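Working notes for the structure below.
Bear in mind the structure is a predicted one, so any value in this text is a computation, not a measurement. Below, read A as the first sequence line, B as the second, and so on, with proteins coming before strands; counting in each chain starts at 1.
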Number of protein chains: 2
Amino acid sequence: MTGNPLPFSLRQLQYVRAIAETRNFRQAAERCAVAQPSLSAQLAALEAALGVRFFERDRRGVILTPAGEALLQRVNRVLTEASELREEAKHFRDPLAGPFRLGVIPTMAPYLLPKAVPALREAFPKLVPQWVEDRTATLVAQLQQGRLDGALLALEAELQDLETTTLGRDHFLLAVPKGHAFAKGRKPIRIHALEGERMLLMDDGHCLRHQALAACREVGMEELEFRATSLPTLVQMVASGIGVSLLPEMALAMEAGRASLVLRRLADPVPYRTVVLAWRRGSHAAVALKKIAKLLRNMRHFVQ
Amino acid sequence: MTGNPLPFSLRQLQYVRAIAETRNFRQAAERCAVAQPSLSAQLAALEAALGVRFFERDRRGVILTPAGEALLQRVNRVLTEASELREEAKHFRDPLAGPFRLGVIPTMAPYLLPKAVPALREAFPKLVPQWVEDRTATLVAQLQQGRLDGALLALEAELQDLETTTLGRDHFLLAVPKGHAFAKGRKPIRIHALEGERMLLMDDGHCLRHQALAACREVGMEELEFRATSLPTLVQMVASGIGVSLLPEMALAMEAGRASLVLRRLADPVPYRTVVLAWRRGSHAAVALKKIAKLLRNMRHFVQ
DNA sequence: GCATTTGATAGAGATTAACTATCATGACCG
DNA sequence: CGGTCATGATAGTTAATCTCTATCAAATGC
């Protein structure tokens with residue numbers, strides 16, 4: 001059991017090292033920036049606590065006892081470890097340095113991260129982001145357990161015990177296969193025009209599913225059996241003519257290139273999801289996350 | 001440079017470890033045998049000193065920050081090293097334990113050590129004697145430099161700054177080759193009878209040389225050119241008929257067996273050398289050395 | 001709701017470590 | 001020899017630190 005109180009202090013060990021190196025109490029005291037009697041007293045206290053004499057104080061000078069010689073190595077190891085602790089702590093002083101566990105939902109990750117990761121690296125080179133991709137509920141739970149420092153979410157409502165900062169609105173576009181009735185024209189399409197369409201949605205648990213449903217809640221549509229587990233898959237399904245879907249704008253750049261897919265703007269009120277950066281209330285990472293949020297906002301992936 | 005003052009204490013690190021393990025300030029405080037506010041205060045002080053937050057204190061419980069997680073390993077290493085220092089110190093608490101650097105002069109070593117080493121091991125099993133064989137002057141210098149803890153010497157005079165305890169008197173015998181005039185008879189021989197003999201002596205620097213010369217100082221004798229560098233060699237020279245010599249009694253058991261050597265007792269006043277155990281005045285080892293001396297005296301290698 | 005538990009805070013008290021001044025001893029040097 | 005310098009130890013006081021009890025605000029749990 002190593003949990004007993006330690007009968008000595010780091011300062012005493014520093015004194016021992018200083019004495020061993022200078023072989024002179026006064027010089028050692030000067031190096032430690034204390035008066036010589038203080039050093040004498042602390043050494044005496046340490047020797048009493050350990051029951052071991054480190055030095056013989058003789059007119060001839062200061063001599064290490066065999067025990068002192070052996071223990072000096074331990075003393076140095078303790079001090080080295082302590083010193084490294086202090087140095088390593090320095091690296092964590094900067095809130096924008098060190099490991100940073102960030103979550104992101106799957107319907108944003110493939111569109112946001114390719115640009116966000118390099119941007120973060122450039123802006124905060126000492127930051128070491130560790131990305132975790134999972135659904136909202138899982139990320140929120142991990143945030144609250146302290147297993148994540150922050151998460152990129154698309155919020156419907158305020159989340160209890162989480163602070164958030166809005167990064168912007170991500171408008172929904174209508175995705176239809178080439179040849180579909182809506183594939184032609186340029187005017188914004190009204191949601192109600194989708195009445196009777198076959199709708200492709202994300203799998204349960206993906207917030208995008210609920211948001212899309214909410215956007216169309218007053219529109220009678222048929223939901224297809226198939227539920228996508230990833231947005232690229234969903235887009236692929238639309239492109240192959242199975243149905244239509246709502247696609248967030250941030251996916252535009254990456255998904256619009258498909259030959260058999262047509263994306264149409266929606267008319268006011270344009271449905272959207274609110275992209276936020278969330279963290280535990282009172283999290284140590286709050287300062288850093290606010291700066292990260294600012295950076296992400298400036299990337300203009302979405303309307304602000 | 002690692003010599004800067006360390007801005008934290010071992011106790012604070014123990015608090016951190018206790019909190020990290022219990023995830024509960026009160027339990028941690030109890031384990032550390034302090035009141036909870038003390039622990040809170042010390043943790044706050046540590047975090048302030050390092051500029052790093054170890055824990056998030058949340059209604060949900062105590063959560064390690066990433067920095068805390070990383071630094072906790074350092075904390076544990078410091079505490080482990082400190083703990084091992086304390087444990088190792090225990091082994092040195094017993095004055096009769098641990099390494100013990102002992103000197104012995106060459107004219108005693110081969111006769112004393114074969115019996116003394118096992119006896120020491122049996123009496124003080126935790127003692128780890130490290131024997132050094134050298135001449136008196138060298139041993140005394142090493143004692144004074146703190147490179148030896150004690151030394152077995154044959155003293156002529158008090159040695160400055162050294163404390164000694166007498167182990168006994170080692171009487172001198174006359175060694176002559178078989179066939180020599182003194183080889184016959186059993187009566188003690190008077191020193192003066194050696195007038196005109198060819199005397200074999202140890203090399204310069206060996207105290208035995210000076211002691212033998214002192215014993216014969218009023219007797220006119222011829223010193224042979226050859227000076228022995230070891231006592232067994234000297235005995236061998238005598239046995240081969242080159243001359244006579246004075247041999248300390250402690251060599252009797254080992255050297256008397258030679259067929260061509262005869263040992264005769266000397267008449268009163270029998271010359272002798274005083275065998276002592278010596279150490280630095282104020283040496284940490286004094287207590288142990290006195291016990292070692294007692295053991296050696298009881299071995300009755302010599303007259304007490 | 002109400003009792004319980006969480007960690008933080010305030011202020012007093014006790015402990016610890018620091019300081020200055022001085023001492024005893026031995027080394028060094030003329 | 002005798003004075004000067006250096007050593008580390010000691011005494012007594014002051015300053016800093018740590019810990020204590022008592023209490024608070026907030027959240028949990030039945």
Side-chain angles (χ1 to χ4, degrees), chain A residues 5-16 18-49 53-65 68 144-146 160-162 280-284, chain B residues 5-16 18-49 53-65 68 144-146 159-163 280-284:
Chain A
L6 293 166
F8 52 88
S9 70
L10 287 172
R11 188 159 337 172
Q12 289 169 342
L13 301 188
Q14 288 186 298
Y15 291 173
V16 166
I19 297 170
E21 286 177 2
T22 61
R23 313 239 156 188
N24 178 304
F25 277 50
R26 288 191 134 79
Q27 289 174 37
E30 189 177 1
R31 181 194 291 196
C32 297
V34 291
Q36 169 261 315
S38 307
L39 184 125
S40 284
Q42 286 307 308
L43 175 62
L46 174 63
E47 289 180 330
R53 209 159 167 73
F54 277 84
F55 304 100
E56 274 177 41
R57 291 79 132 175
D58 200 66
R59 32 218 140 284
R60 215 166 307 286
V62 174
I63 294 175
L64 268 168
T65 64
Q144 287 174 336
Q145 291 164 28
Q160 197 183 6
D161 279 330
L162 288 185
R280 248 184 334 280
R281 234 194 298 160
S283 165
H284 66 283
Chain B
L6 292 166
F8 52 87
S9 68
L10 286 172
R11 184 155 346 167
Q12 288 168 343
L13 301 189
Q14 289 186 298
Y15 290 173
V16 166
I19 297 170
E21 287 177 2
T22 61
R23 312 241 157 189
N24 178 305
F25 278 48
R26 287 190 135 77
Q27 289 174 38
E30 189 177 2
R31 181 193 291 197
C32 296
V34 291
Q36 170 261 317
S38 306
L39 184 125
S40 282
Q42 286 306 308
L43 175 62
L46 175 62
E47 290 180 329
R53 211 159 166 75
F54 277 84
F55 304 100
E56 273 178 43
R57 291 79 134 176
D58 201 66
R59 33 218 140 283
R60 213 165 311 287
V62 174
I63 294 175
L64 267 168
T65 64
Q144 287 174 336
Q145 291 164 29
L159 282 169
Q160 198 185 4
D161 279 330
L162 289 185
E163 254 185 281
R280 248 184 336 280
R281 234 194 300 157
S283 166
H284 66 283

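- Proximity of A:R11 to the phosphate of C:dA18: a side-chain N or O atom is located under 4.0 Å from OP1 or OP2.
- Rounded to an integer number of Å, the gap from CZ of B:F55 to P of C:dA8 is 11 Å.
- Between A:L13 atom CG and C:dA17 atom P the separation is 13 Å, expressed in whole Å.
- Here C:dA8 presents its P atom at 9 Å from CG of B:L39, a figure rounded to the nearest Å.
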Nucleotide N/O to protein N/O under 3.5 Å, stretch nucleotides 8-10 of chain D:
from, atom 1, to, atom 2, distance (Å)
D:dG8, OP1, A:F25, N, 2.8
D:dG8, OP2, A:F25, N, 3.1
D:dG8, OP2, A:R26, N, 3.4
D:dG8, N7, A:R26, NH1, 2.6
D:dA9, OP1, A:R57, NE, 2.6
D:dA9, OP2, A:S40, OG, 2.8
D:dA9, N7, A:Q36, NE2, 2.9
D:dA9, N6, A:Q36, OE1, 3.1

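- Contact check for B:R280 versus A:E56: side-chain heavy atoms found under the 4.5 Å cut-off.
- A:Q42 has no side-chain polar atom (N or O) that falls below the 4.0 Å cut-off from OP1 or OP2 of C:dT16.
- One distance of note links CG of B:L39 with CZ of B:R26; it measures 11.0 Å at 0.5 Å rounding.
- With rounding to whole Å, B:E56 atom CD is found 16 Å from C:dA8 atom C1'.
- D:dT17 atom P lies 15 Å from atom CG of B:L46, rounded to whole Å.
- The nearest pair of heavy atoms linking A:S38 to A:V34 is CB-CB, 4.3 Å.
- Here the P atom of nucleotide C:dA18 and the CD atom of A:Q14 are 11 Å apart, to the nearest Å.
- Side-chain atoms of B:E30 and B:T22, non-hydrogen and from C-beta on, never get closer than 4.5 Å to each other.
- Nearest heavy atom pair, residue B:C32 against residue B:Q14, reads SG-O, 4.2 Å.
- Contact of the B:F55 side chain with the B:L43 side chain is registered, since non-hydrogen atoms from C-beta on lie closer than 4.5 Å.
- In this structure, B:L46 and B:Y15 have side chains that are not in contact, with every pair of non-hydrogen atoms separated by 4.5 Å or more.
- Here D:dC18 presents its C1' atom at 18 Å from CZ of B:F8, a figure rounded to the nearest Å.
- The two residues B:P7 and B:A49 come nearest to each other via the heavy atoms O-CB, 3.2 Å.
- Over its length, the helix from C:dG1-D:dC30 to C:dG30-D:dC1 turns its helix axis by 30°, as judged from the five terminal pairs at each end, rounded to 10°.
- Following rounding to the nearest Å, B:L6 (CG) and D:dT17 (P) show an atom-to-atom distance of 16 Å.
- In this structure, B:Y15 does not reach the D:dC18 phosphate: none of its side-chain N or O atoms is under 4.0 Å from OP1 or OP2.
- Annotation for A:Q36: atom CD counts as buried by contact number, over 12 foreign heavy atoms lying within 6.0 Å.
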